[in-house]
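Worth knowing before you read on, the calculation uses all heavy atoms, side chains too, and leaves out hydrogens, waters and symmetry mates.
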Amino acid sequence: MSKKWYVLHTYSGYENKVKANLETRIETMGLENNVFKIEIPTEKVAEIKDDGRRVESDKKVFPGYVLVKMEMDDRSWAAVRNTPGVTGFVGSQGNPSPLTRAEYNKIMKRTSVEAPKKTSTTMEVGQAVHVISGPLKDFDGLVSEVMPDAGKVKVMVSIFGRETPVELTFDQVEKI
């Protein structure tokens with residue numbers, strides 16, 4: 001038997017509860033030598049609030065899913081599968097399929113400290129904004145593109161009577 005990572009499908013929003021339930025079941029059923037680790041992949045996301053504040057929080061990379069490192073046998077499968085909140089294993093035709101090392105690494109890379117922080121905002125294309133800092137302070141414009149990964153927006157600003165695209169950070173603009 002080899003230890004492999006499997007993906008559990010859970011009720012959305014129950015990931016932490018499933019992890020806690022699973023840890024309790026492993027202990028009470030004596031499965032410490034079969035189920036080794038439980039992960040809920042999260043990433044840091046910076047959100048720009050309407051008042052311009054930047055708030056960081058952890059967001060689940062895959063809501064509704066939990067990763068479990070385990071040796072698959074009938075007993076461990078049944079214990080994990082019958083944990084409250086678990087709807088099943090991810091796999092084809094009802095058979096759990098383990099993640100490859102590359103798949104696991106790709107998922108966990110998003111959760112690492114070095115991973116770039118994603119930024120979420122409520123700004124959207126076509127929205128009117130006011131520039132509150134930088135060389136274009138006090139200009140108004142329309143958002144033409146939102147780039148959450150970069151934490152920027154492209155704004156069409158009228159300079160000398162011409163519409164000019166300008167790239168600004170989320171904290172340089174506010175909604176009008």
Side-chain angles (χ1 to χ4, degrees), residues 1-125 127 143 145-153 169-171 175:
M1 283 277 156
S2 63
K3 304 172 196 171
K4 293 197 166 126
W5 283 99
Y6 293 89
V7 181
L8 295 178
H9 190 263
T10 69
Y11 294 118
S12 194
Y14 282 75
E15 300 87 357
N16 294 334
K17 196 175 205 82
V18 165
K19 182 178 180 178
N21 287 342
L22 201 45
E23 287 168 343
T24 303
R25 285 177 70 93
I26 291 164
E27 198 175 316
T28 57
M29 297 175 80
L31 290 170
E32 294 90 348
N33 294 327
N34 295 76
V35 183
F36 304 97
K37 200 166 184 185
I38 304 160
E39 298 268 356
I40 302 169
T42 59
E43 63 187 346
K44 289 252 183 257
V45 175
E47 188 173 349
I48 307 300
K49 299 292 186 184
D50 288 338
D51 61 5
R53 286 181 305 123
R54 181 184 177 96
V55 178
E56 279 193 11
S57 62
D58 284 330
K59 296 270 193 232
K60 291 176 181 70
V61 177
F62 301 109
Y65 295 93
V66 174
L67 303 181
V68 179
K69 186 175 190 174
M70 62 188 284
E71 283 185 4
M72 186 65 70
D73 63 19
D74 290 344
R75 202 164 149 248
S76 60
W77 177 87
V80 172
R81 176 65 186 90
N82 295 317
T83 299
V86 173
T87 59
F89 281 91
V90 172
S92 61
Q93 297 156 351
N95 296 324
S97 297
L99 291 174
T100 64
R101 173 55 63 190
E103 289 169 329
Y104 174 77
N105 289 342
K106 189 175 181 181
I107 292 168
M108 296 316 287
K109 186 175 184 176
R110 287 183 64 178
T111 70
S112 70
V113 179
E114 312 89 52
K117 292 183 176 126
K118 292 218 186 306
T119 305
S120 70
T121 180
T122 54
M123 283 187 219
E124 46 195 47
V125 173
Q127 185 165 36
V143 174
E145 186 180 348
V146 180
M147 300 165 276
D149 290 349
K152 295 181 177 185
V153 287
T169 60
F170 288 150
D171 58 356
K175 296 178 187 178

So how far is it from M123 CE to K152 NZ, rounded to the nearest 0.5 Å? 14.0 Å
Test item: M108 and W5 side chains (from C-beta on) under 4.5 Å apart, heavy atoms: no
Hey, is NZ on K60 packed in by over 12 heavy atoms from elsewhere, all under 6.0 Å? yes
Passes side-chain contact (heavy atoms from CB on, under 4.5 Å), Q127 versus V146? Steps please. CA-CA 10 Å; Q127 185 165 36; V146 180; over 6 Å; no
Heavy-atom closest pair (P41 atom, E39 atom, distance to 0.1 Å) is CD-O, 3.6 Å
Atom pair CG/CD of L67 and E103 - distance to nearest 0.5 Å: 10.5 Å
Hits for side-chain contact (heavy atoms from CB on, under 4.5 Å) against Y14, two or more places apart or cross-chain, chain-then-number order -> Y11, K17, V18
Between Y65 and H9 (judged by ring centroids, cut-off 6.0 Å), do the two rings come close enough to count as a pair? yes
Side chains of F89 and V68, heavy atoms from C-beta outward: is any pair under 4.5 Å? no
Only one of T10, V86, I38 forms a side-chain contact (heavy atoms from CB on, under 4.5 Å) with L22, so which one is it? I38
Determine whether T24 and N21 satisfy the following criterion, side chain to side chain donor-acceptor pair (under 3.5 Å), listing intermediate values before the conclusion. CA-CA 5 Å; T24 303; N21 287 342; 5.6 Å; no
Between N95 (side chain only) and G91 (backbone N and O only), is there a donor and an acceptor less than 3.5 Å apart? no
Nearest-0.5 Å distance, NZ of residue K3 to NZ of residue K37: 11.5 Å
If you count the non-hydrogen atoms of other residues, nucleotides and ligands that lie under 6.0 Å from CG in D74, is the total more than 12? no
Quick check for you: to the nearest 0.5 Å, what is the distance between S12 atom OG and F62 atom CZ? 13.5 Å
Any side-chain heavy atom of V90 within less than 4.5 Å of one from Y6? no
Mind checking what makes side chain to side chain donor-acceptor pair (under 3.5 Å) contact with D58, not counting sequence neighbours? K44
At their closest point, which heavy atom of R75 faces which heavy atom of G30, and how far apart are they? NH2-O, 4.0 Å
Which pairs with one or both residues in residues 19-34 pass salt bridge (Lys or Arg N to Asp or Glu O under 4.0 Å), sequence neighbours excluded? none
Value rounded to 0.5 Å, distance of CH2 in W77 from CG in N34: 15.0 Å
Could you grab the distance from atom CD1 of I26 to atom CE of M70, nearest 0.5 Å is fine? 8.5 Å
